[in-house]
Amino acid sequence: MKYQNLLFDVDDTLLDFKAAEDQALKGLFKEIQHPLTDDVVNYFRVLNEKMWQRFELGQLDRQTLVNTRFTKLFAHYNEEVDGIRYERIYRDFLTQGHQLEPHAIELLNSLKDQFNLFIVSNGIATVQQQRLNDSGLVNYFKHIFVSEEVGYQKPRIEFFDFVAKAIAGFTPKNSLIIGDSLTSDIQGGTNAGIDSVWFNPALQPNHSTVSPTYQIDDLLDLKEIV
């Protein structure tokens, strides 16, 4: 068996983050009694993704990201709001979103007795813990590594150094990272010398310079790799 340690991303790998995000946005906008249009949703998605990419690159800290994203969103529509309060409401709804990606449980059931399974996430620790609990995923994993608690974020080598020290018998060669993000998961694997699996269910073209070791569009295809 080539791999012993399987490192799984959470959002849009095991849990459907877009569904959780939709639910959280609807909940927030209903609570603040503000119309939620497709334009607002699309603008938020683009803004949020750019801010998380800046976080990955170390250009933005997590606290600034979460405390300013709604201020920036509403500023785009010439509205001044309490961004920190909106973030708190949004995060409460986000915590409740734990829809599974297709075949996630089936895959983990087939792997749990043969491999050491771990979570590696850039998400917010309390949110991820709650969602993993509520989805029933938490019991499959030996440890949950969240960047907020590690002190570094994917794709930084320091994140993976921390993970390597925490897992008994860990080597880059006996480990595999599985995730949907080229800039976070796959680049992180490259930085740490760990083979990577790009989960790409929409079969999006790879326009980046980042090259995953493997690519799958169905989680069950991972069984053929490991």
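Counting begins at 1 with the first residue of the sequence.
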Student: Would you indicate whether Glu80, at its atom CD, is surrounded by more than 12 heavy atoms from other residues, nucleotides or ligands within a distance under 6.0 Å?
Tutor: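 No, CD of Glu80 has 12 or fewer neighbouring heavy atoms, counting only those of other groups under 6.0 Å.
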Student: As a test of understanding, state which of Phe29, Tyr77, Tyr86 forms a ring-ring contact (aromatic ring centres under 6.0 Å, His included) with His34.
Tutor: Phe29
Student: I'd like to know if the side chain of Arg156 and the backbone of Asn191 have a donor-acceptor N/O pair within less than 3.5 Å.
Tutor: no
Student: So Asn48 and Leu65, do their side chains get closer than 4.5 Å, heavy atoms only?
Tutor: yes
Student: Does any part of the side chain of Val210, heavy atoms only, come nearer than 4.5 Å to the side chain of Thr183, both counted from C-beta?
Tutor: no
Student: Does any N or O in the side chain of Asn122 come within less than 3.5 Å of the main-chain N or O of Gln153, such that one atom is a donor and the other an acceptor?
Tutor: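 Not confirmed, Asn122 side chain does not pair with Gln153 backbone.
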Student: I'd like to know if the side chain of Asp180 and the backbone of Asp9 have a donor-acceptor N/O pair within less than 3.5 Å.
Tutor: no
Student: Applying ring-ring contact (aromatic ring centres under 6.0 Å, His included), name anything that partners Tyr90, two or more places apart in sequence or on another chain.
Tutor: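 Tyr90: ring-ring contact (aromatic ring centres under 6.0 Å, His included) contacts with Phe44, Phe70.
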Student: Before you tell me yes or no, could you show the steps for His143 and Ile167 under side-chain contact (heavy atoms from CB on, under 4.5 Å), namely the whole-Å CA-CA distance, both residues' side-chain angles and the distance that decides it to 0.1 Å?
Tutor: CA-CA 9 Å; His143 194 82; Ile167 298 174; over 6 Å; no
Student: Assess the residue pair Glu56 and Ser181 against the criterion (side-chain contact (heavy atoms from CB on, under 4.5 Å)); give the C-alpha distance rounded to whole Å, side-chain angles, the decisive distance to 0.1 Å, and a yes or no.
Tutor: CA-CA 11 Å; Glu56 289 169 12; Ser181 170; 4.2 Å; yes
Student: Side chain of Ser196, backbone of Ile177: donor and acceptor closer than 3.5 Å?
Tutor: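 Flag not set: sc Ser196 to bb Ile177 has no pair under 3.5 Å.
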Student: By the definition side-chain contact (heavy atoms from CB on, under 4.5 Å), identify the one residue from Phe141, Phe145, Tyr140 that meets it with Ile119.
Tutor: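 Of the listed options, the one satisfying the test is Phe141.
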Student: Pro212 and side-chain contact (heavy atoms from CB on, under 4.5 Å): which single residue from Asp185, Val197, Asn206 fits?
Tutor: Asn206
Student: So, for Arg62 and Gly123, which heavy atoms are closest and what is the spacing to 0.1 Å?
Tutor: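 So the two residues come closest at NH1-O, 3.3 Å.
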Student: Mind checking whether Phe159 and Ile194 sit in one hydrophobic cluster, side chains of I, L, V, M, F, W, Y counted as touching below 4.5 Å?
Tutor: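 Yes.
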Student: Report the C-alpha distance between Thr37 and Asn42 in whole Å, list the side-chain angles of each, state the deciding distance to 0.1 Å, and finish with yes or no for side-chain contact (heavy atoms from CB on, under 4.5 Å).
Tutor: CA-CA 9 Å; Thr37 64; Asn42 292 334; over 6 Å; no
Student: Would you kindly say whether Thr95 and Gln130 are connected by a side-chain donor-acceptor distance under 3.5 Å?
Tutor: no
Student: Might you work through the side-chain contact (heavy atoms from CB on, under 4.5 Å) test for Gln4 and Thr171, ending with a clear yes or no?
Tutor: CA-CA 9 Å; Gln4 294 167 24; Thr171 69; over 6 Å; no
Student: For a 4.5 angstrom cut-off between non-hydrogen side-chain atoms, does Gln128 reach Glu148?
Tutor: no
Student: Is a side-chain donor or acceptor of Glu158 paired with a backbone partner of Tyr152 at a separation under 3.5 angstrom?
Tutor: no
Student: Which atom names give the shortest non-hydrogen contact between Leu47 and Leu73, and what distance separates them?
Tutor: CD2-N, 3.7 Å
Student: For the CG atom of Asp61 and the CZ atom of Phe55, what is their distance to the nearest 0.5 Å?
Tutor: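 Those atoms lie 8.5 Å apart.
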Student: For the backbone of Val120 and the side chain of Lys154, can you confirm whether one donor and one acceptor N or O come within less than 3.5 Å of each other?
Tutor: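 Yes, Lys154 side chain to Val120 backbone: donor-acceptor pair under 3.5 Å.
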Student: Is there a donor-acceptor pair closer than 3.5 Å between any side-chain N or O of Ser175 and the backbone N or O of Pro172?
Tutor: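 No: the side chain of Ser175 does not pair with the backbone of Pro172.
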Student: Evaluate the side-chain proximity of Glu49 to Gln53: yes if any heavy-atom separation is below 4.5 Å, no if none is.
Tutor: yes
Student: Identify the heavy atoms of Ser184 and Pro155 that sit nearest to each other, and give their distance.
Tutor: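 Closest approach of Ser184 to Pro155: O-CB, 3.4 Å.
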Student: Check whether any side-chain heavy atom of Leu222 sits under 4.5 Å from a side-chain heavy atom of Val226, and report yes or no.
Tutor: yes
Student: Below 4.0 angstrom, N of the basic side chain to O of the carboxylate: do Arg45 and Asp22 qualify?
Tutor: yes
Student: Quick check: are there more than 12 heavy atoms from other residues, nucleotides or ligands sitting under 6.0 Å from CG of Asp39?
Tutor: yes
Student: Kindly indicate whether the side chain of Tyr214, heavy atoms from C-beta on, has any atom under 4.5 Å from the side chain of Leu176.
Tutor: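 When only atoms from C-beta onward are counted, Leu176 and Tyr214 do touch, with a gap below 4.5 Å.
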Student: How far apart are the closest heavy atoms of Val10 and Arg131, and which atoms are they?
Tutor: CG1-NH1, 4.3 Å
Student: When Ile, Leu, Val, Met, Phe, Trp and Tyr are grouped by side-chain heavy atoms lying under 4.5 Å apart, directly or through other members, which residues fall in the same group as Leu203?
Tutor: none
Student: Check Ser135 against Ile105 and note the closest heavy-atom contact, atom names and distance.
Tutor: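 That would be O-CD1, 4.5 Å.
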Student: Can you tell me how far the CD atom of Gln129 sits from the CD1 atom of Ile144, to the nearest 0.5 Å?
Tutor: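 These two atoms lie 4.0 Å from each other.
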Student: Are Ile124 and Phe162 connected in the hydrophobic side-chain network, where two residues link if heavy atoms are under 4.5 Å apart?
Tutor: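 No, because Ile124 and Phe162 fall into different hydrophobic clusters, even though each may have its own neighbours under 4.5 Å.
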Student: Using modelled atom types only, decide if a donor and an acceptor are shared between the side chain of Glu106 and the backbone of Pro102 within a distance under 3.5 Å.
Tutor: no
Student: So, do Asp218 and Ile216 sit near enough that their side-chain heavy atoms are less than 4.5 Å apart?
Tutor: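 A side-chain contact under 4.5 Å is absent here.
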Student: Nearest 0.5 angstrom please: Glu87 CD to Asp92 CG, how far?
Tutor: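 Answer rounded to 0.5 Å: 9.5 Å.
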Student: How long is the span from the CG atom in Leu117 to the CZ atom in Phe8, to the nearest 0.5 Å?
Tutor: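 Rounded to the nearest 0.5 Å, the CG-CZ separation comes out at 6.0 Å.
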Student: Of all heavy-atom pairs between Asp12 and Phe17, which one has the smallest distance, and what is that distance?
Tutor: OD1-N, 3.0 Å
